[in-house]
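For reference, the structure is listed below as structure tokens.
Throughout, protein chains are lettered first and strands after them, A, B, ... in sequence-line order, and every chain is numbered starting at 1.
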Amino acid sequence: MLLQIEDLVVSYRTRAGLVRAVDGVSLSIAAGQSVGLVGESGCGKTTVTRALLRILPPNGFIERGRVLLEGVDLTRLSASEMRRVRWRRIAMVPQSAMNALNPVLRVGDQLVETIRIHEHVDAAAAWRRAEDLFERVGIERRRLYDYPHQFSGGMRQRVAIAMAIALQPALLIADEPTTALDVLVQDRILNLLEQLRADLGLAFLYITHDVPVVAELCDAVAVMYAGKIVEFGPLAQVFGSPSHPYTMGLLRASPKPAAEQSELISIPGAPPNLVAPPRGCRFAERCPFADDRCHLAEPPLEAVAPGHLAACHFAADAPRMRQTMATGDAWARAFAGTP
Amino acid sequence: MSRNLSEGLTLAAATGPSWRTRLGILRRILFRDLSTAVGITVIVLFVLVALLAPVLMTDDPWAINRRPNGTIARLDPPSRAHWLGTTDLGRDIYSQVVVGSRAALLVGFLAALMTTVVGTSVAVIAGYFGGWVDDLLMRVVDFAYAVPFVPFVIILVSLLKPSLANVIIAIALLYWRSSARVIRAQVLSLRERPYIKAARVAGAGPWRIIYHHITPNILPLAMLYMAIGVGWAIITESSVSFLGLGDPLVISWGSMLNLAFTTGAMQRAWWWVLPPGFSIILLVVATFLVGRSVEEYANPRLRGEV
Amino acid sequence: MRVRYLLRRILQLALTMWLVATIVFLMFRLIPGDPTSTLVDPTFPASLRAEILHRFGLDRPLHEQYLTYLARAVRGDFGWSFYYNSPVVEIVGDMIINTLLLALATFFLTYLFGILGGVVLAWKHGTPVDSVGSLVPLVFRAAPVFWTGMLFLMVFSYRLDWFPHAGIRTAGYAATNLFQKYVSLDFLWHLLLPAVVSTLYYMGLPMLLVRNAMLENFGEEYVEFARARGMSEARVMFRHVLRNALLPVVTSAAVFLGLALGGQIVVEYTFSWPGLGREIVMATQRRDYPVAQAMFLLLAVGVGLMNLLADMVYGYLDPRVRLQ
């Protein structure tokens, strides 16, 4: 395994109290594999990436757990050792390159700087590499001398991608890399990422709330809800035969290719307050299938098929739940009376 | 959110904060944290000292004191008779420091008040009426910025005749520039707020809008400049006096330091140098502390109400 | 575009200077009492006064005087000093250099330590370093600069005898040429106390500005992204955050230079530094108004030029402004 996250707990100190944004997440990614991490905003997926790179804000800290990269526990590295892991082994494509790039430095300078803090190459060689990288992601090399605000949104994202692959990392984290873009540009950026993965043999951790994107790009998928992973497995199994009601809802909430499009729903309710999370299943409040047990005991993440895990007391009943979901409107019935 | 509350909020958004709510928030902020409370306490103490100076003084500050053996008490260190020692002419330094608070507070508050009134008026008129009025007034501000402040005050005071009143006038003539520029920017943004536009459409006259809608909103900024202005005016007055251009008939902390400096007594008479200096620092830091919390109030972003 | 902007700014500056010169003219002539008393020593006998007034054209109508005054000011002719009994022009040369050197030294030290201090405060945000460190500049700012100067003189000059208490050169020190006059240990030794004292006074402004601007930037995504790329904390602070935080600081530099040149008066006077500022005070005390007037105009020109310079630097530092 390239990356193994084991029982990771990440908390933020806030005025309201300790918020466990990531609560016991385990996940693994093999070399060259592409894993999607899906969930609503605020479910803790961005915190996972911050914890991986150990760039949590000052009030955030890793409470527990291990992050093994090629067998080395990143949570135990010293600050300077960790700096050598960042970007050389794990790089990321940010959500919005507009905000992630320094507005007062030329993009070329930022790219060259990134290369030169990790590798002992002279400036000229680094600039040559920067030119190659720009061509690789489809930007003219002369644009190295421009400032971030002079690029269009899609071009800026390409700059960020060039930067991400500059040191040939083993793992690339893409945190909603296309949400800020319009649809046509999104497609082009996704194609570029897909092609780079094939060419360079990178492993991908794809963070998004966008189900179709995961369906298109990923080999495996993890569904996250309120700080926990509720379902994990190969793409075909998780999206083909979802075993957790949240996954089912998420799929029903996303547009599909035209032919099989059924009515889009939105899951009623809101995720629980993570300062004082509920005792049982965190999804119980919003789940049409929940019964007393769900409110009292937390379901463990267990195998429903080889390699396919789900955290639901009724996982064995998944076919029936899928049936209810597909035919009737489970949420409409369960929540009759709520708007 | 309950219906009443949301209606109340819509209403508040429609009319903007009133004088009452503004003053209420201001009061809460002023007494919230320690540094502000310290600042206010120190200022109040100095005001009391200035008011009660005749009672607090142990001696006539101009009196030339003599030692028991009849010689003039030149540069006597602090003693029971003279708590903070004496000057080269045997004058009681403690009494001079006490009476010096009057000049400092008088110049500080009057100059700051004049500065703020002028600056705010210019800002409101320029910002609200815009057009050529704004252009003209802002060019005047630019021009005021081109004049070196301390040299201007010194020369003007010396030309007019050194007196506290002239120091105040000289400070006010130039110092309004900074408040005018910043407050005008605020007025410009206020003018575009929906409730002010609505008031205009509803037929409210400009002065009515300025009084009811603009002024309560720029009050905190004006008070910030007032607080800072008090400190600056005190420092400026003491500088002018230190340079020997102050009112020769008034004892101020600056004029005390001027004598300690020009007579060369500072070489050993630390008791002549430290007390007036510490008084200035204490009073000015106090105004800065109050200013800082007013700033927190004037700048909603610092208050965490983005 | 940039050339046009520059030309417009220079024109603006010229206009402002004309206004300042006019105000000065009016100030010295429209004050209560006999205006000529500010220009010719009133203790001279009447016949001599009349002769001097005539020689300097002070008996002519005001508008004529105004025109000659402007024409002369443009040529740098500021009249005759009563005190030195020589043309004002001849005494200002050294003073300009002395004032500039002290102002530049102060500027350099203020921004060097102010910016470094601001970065440290921001870096150590929320620790005692920050809370104590933020208070120190406040106190030095509240202390009148002449008082801090007196303290330094009392301690370092009179008590410890490490530094001279006045002037720019040890008496009897003979420089063989201009270069040696200023680039000498003796000169630096005299420069140090006044420069340090004014630095302490002015340092708070850039320090707190840098601190606050950096804190505002800390939440920005580019900071997180820079850390994600494996940059050291020092590199993140100095190259990335500081660079963004510098913009408001540069704007403040314009205000600073204005303040420093104008406020230099007090420091120069305290340390008997023979510059324009001290000369304004001395001339005012001596009622040598032609000199005071000339010094005032020169300082105003200096302030105007510094503001122009700061505008240019601002445009250079912010690419978003630069390219518009």
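Under the side chain to side chain contact (heavy atoms under 4.5 Å, CB included) criterion, B:L174 pairs with B:A144, B:V147, B:F149, B:F152, B:R177, not counting sequence neighbours.
If you measure heavy-atom distances from B:I154 to chain C, the contacts under 4.5 Å come from both the backbone and the side chain. For B:L283, no part lies near chain C; criterion is any non-hydrogen pair under 4.5 Å. In this structure, no portion of C:S157 lies under 4.5 Å from any heavy atom of chain B. Heavy-atom distances place the side chain of B:T262, and not its backbone, under 4.5 Å from chain C.
Of the listed residues (C:L151, C:I23, C:L276), the one with the most heavy-atom contacts under 4.5 Å to chain B is C:I23. Ranked by non-hydrogen atom pairs under 4.5 Å with chain B, the options C:V145, C:L153, C:V301, C:L19 are led by C:L19. Interface remark: of the candidates B:I155, B:I235, B:T287, B:I234, B:I155 forms the most heavy-atom pairs closer than 4.5 Å to chain C. Note on B:L274, B:L289, B:D142: by heavy-atom pairs under 4.5 Å with chain C, the leading option is B:L274. Ranked by heavy-atom pairs under 4.5 Å with chain C, the list B:V285, B:T236, B:L243 is led by B:L243.
Nearest heavy atom pair, residue B:L173 against residue B:L156, reads CD1-CD2, 3.7 Å. When all heavy atoms of B:T115 and B:S179 are compared, the closest pair comes out as O-OG, 4.0 Å.
Contact check for C:M282 versus C:Y83: no side-chain heavy atoms found under the 4.5 Å cut-off. In this structure, C:F140 and C:T148 have side chains that are in contact, with non-hydrogen atoms separated by less than 4.5 Å.
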Please output the side-chain donor-acceptor pairs of residues 250-261 of chain B that fall under 3.5 Å, not counting sequence neighbours, one pair per line with the distance.
from: B:S252; atom 1: OG; to: B:E237; atom 2: OE2; distance (Å): 3.3
from: B:S252; atom 1: OG; to: B:S241; atom 2: OG; distance (Å): 3.3
from: B:S252; atom 1: OG; to: B:G254; atom 2: N; distance (Å): 3.3
from: B:S252; atom 1: OG; to: B:S255; atom 2: N; distance (Å): 3.2
from: B:W253; atom 1: NE1; to: B:V97; atom 2: O; distance (Å): 3.0
from: B:S255; atom 1: OG; to: B:S252; atom 2: N; distance (Å): 3.0
from: B:S255; atom 1: OG; to: B:S252; atom 2: O; distance (Å): 2.9
from: B:N258; atom 1: ND2; to: B:F242; atom 2: O; distance (Å): 2.6

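Annotation: the span from B:R184 atom CZ to B:D134 atom CG amounts to 4.0 Å, rounded to 0.5 Å.
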